[in-house]
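Counting starts at 1 for both ligands and their atoms, in listed order. If you're wondering where the values come from, they're calculated on a predicted model, not measured in any experiment.
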Amino acid sequence: MSGVRRPLLLVTCLVVLAGCGTQAAGIPSPAPHSPTTATTSSTASSPASSVPPATSSAPRTTSKKKPPAPPPAASGVVVIDPGHNGGNAANPAAINRQVPAGRGRTKPCNTTGTATDAGFPEHAFTWAVSLRARDILAARGVKVLLTRQNDTGIGPCVDARAAAGNNANADAVVSIHADGATDPSAHGFHVAYSSPPLNAAQGEPSARLARTMRDGLRSAGFPLSTYIGSAGLSPRDDLGGLNLSTRPAVLVECGNMRNAAEAAKFSAGAGQQAYAAAIAAAILAYLR
Ligand code: ZN
């Protein structure tokens with residue numbers, strides 16, 4: 001499974017589970033914690049240009065007598081990790097090299113991810129959702145860093161993706177993926193978190209972030225996974241990005257790209273925006 005682009009993209013999530021669950025990396029230089037700065041780290045063209053301003057319901061005022069009401073939705077630093085990358089499939093040697101994955105194990109640097117039956121790749125979906133979620137959060141006063149800065153590069157490796165959240169001292173780290181279950185009837189999202197925890201952040205904070213994410217996606221109308229985990233949650237000990245995180249971290253598998261209904265959502269801007277809005281709202285709820 002190398003050189004050829006398409007077949008690699010069609011790798012099912014049996015493989016993806018080994019790598020789909022990988023967190024990624026490469027944040028340039030983590031900026032200091034700045035609760036009130038709405039900064040983004042990506043300058044790439046964003047498909048979220050049509051995102052409605054999230055501040056529309058939270059008008060700001062410069063009046064000293066009347067502080068903004070409602071107050072900023074949340075503050076903090078969030079690292080969003082868009083799964084995989086567009087250059088992975090064409091560079092198997094680079095992404096297959098073994099890197100530390102926590103618990104004394106190693107794993108491939110990164111994987112290609114999966115794709116819909118029509119060929120829409122997971123890396124493009126995770127990139128689109130990540131940019132849209134970033135824009136929503138930034139408009140609410142959250143500083144957002146991405147683990148990769150475009151959708152054409154290679155990697156980053158799972159250990160570097162974890163390091164991005166760690167180095168940024170992130171209040172929350174959210175990896176975004178979509179699954180590739182071979183059963184086309186399998187559908188629904190699940191949220192993975194490291195278990196058993198290897199540090200304090202992987203304990204209650206990560207479990208709470210996972211529950212908050214699960215509740216947010218469910219309340220937004222997304223169905224719980226029919227094929228992985230329990231009640232939308234999946235404790236895992238084999239995901240390198242989560243194992244290596246020293247910050248509260250979860251991995252969201254938004255659904256099954258081989259399921260026709262979910263594939264349609266993943267491939268359309270409106271569907272991507274719906275996932276992004278639910279994920280961003282859950283992050284805001286967690287930060288509060
Ligand atoms: Zn994935």
Discussion item. Taking the basic N atoms (NZ, or NE/NH1/NH2) and the acidic carboxylate oxygens, is any pair closer than 4.0 Å for Arg132 and Asp135?
Written reply: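 No, this pair does not count.
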Worksheet entry | Set of ring pair (Phe, Tyr, Trp, His ring centres under 6.0 Å) partners for Tyr193, sequence neighbours left out | none
Of all N, O or S atoms in [X], identify the one at the shortest distance from the Zn ion (ligand 1).
{"X": "His84", "answer": "NE2"}
{"X": "Glu122", "answer": "OE2"}
{"X": "His177", "answer": "ND1"}

Item to complete: Quickly, which of Leu239, Leu251, Ile228 forms a side-chain contact (heavy atoms from CB on, under 4.5 Å) with Ser234? Name it, please.
Response: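 By the side-chain contact (heavy atoms from CB on, under 4.5 Å) criterion, Ser234 pairs with just one of Leu239, Leu251, Ile228: Ile228.
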Discussion item. Going by ring-ring contact (aromatic ring centres under 6.0 Å, His included), name the pairs with one or both residues in residues 241-279, residues two or more places apart or in two chains.
Written reply: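 Listed once each, the pairs are Phe125-Phe266, Phe125-Tyr275, Phe222-Tyr275, Phe266-Tyr275.
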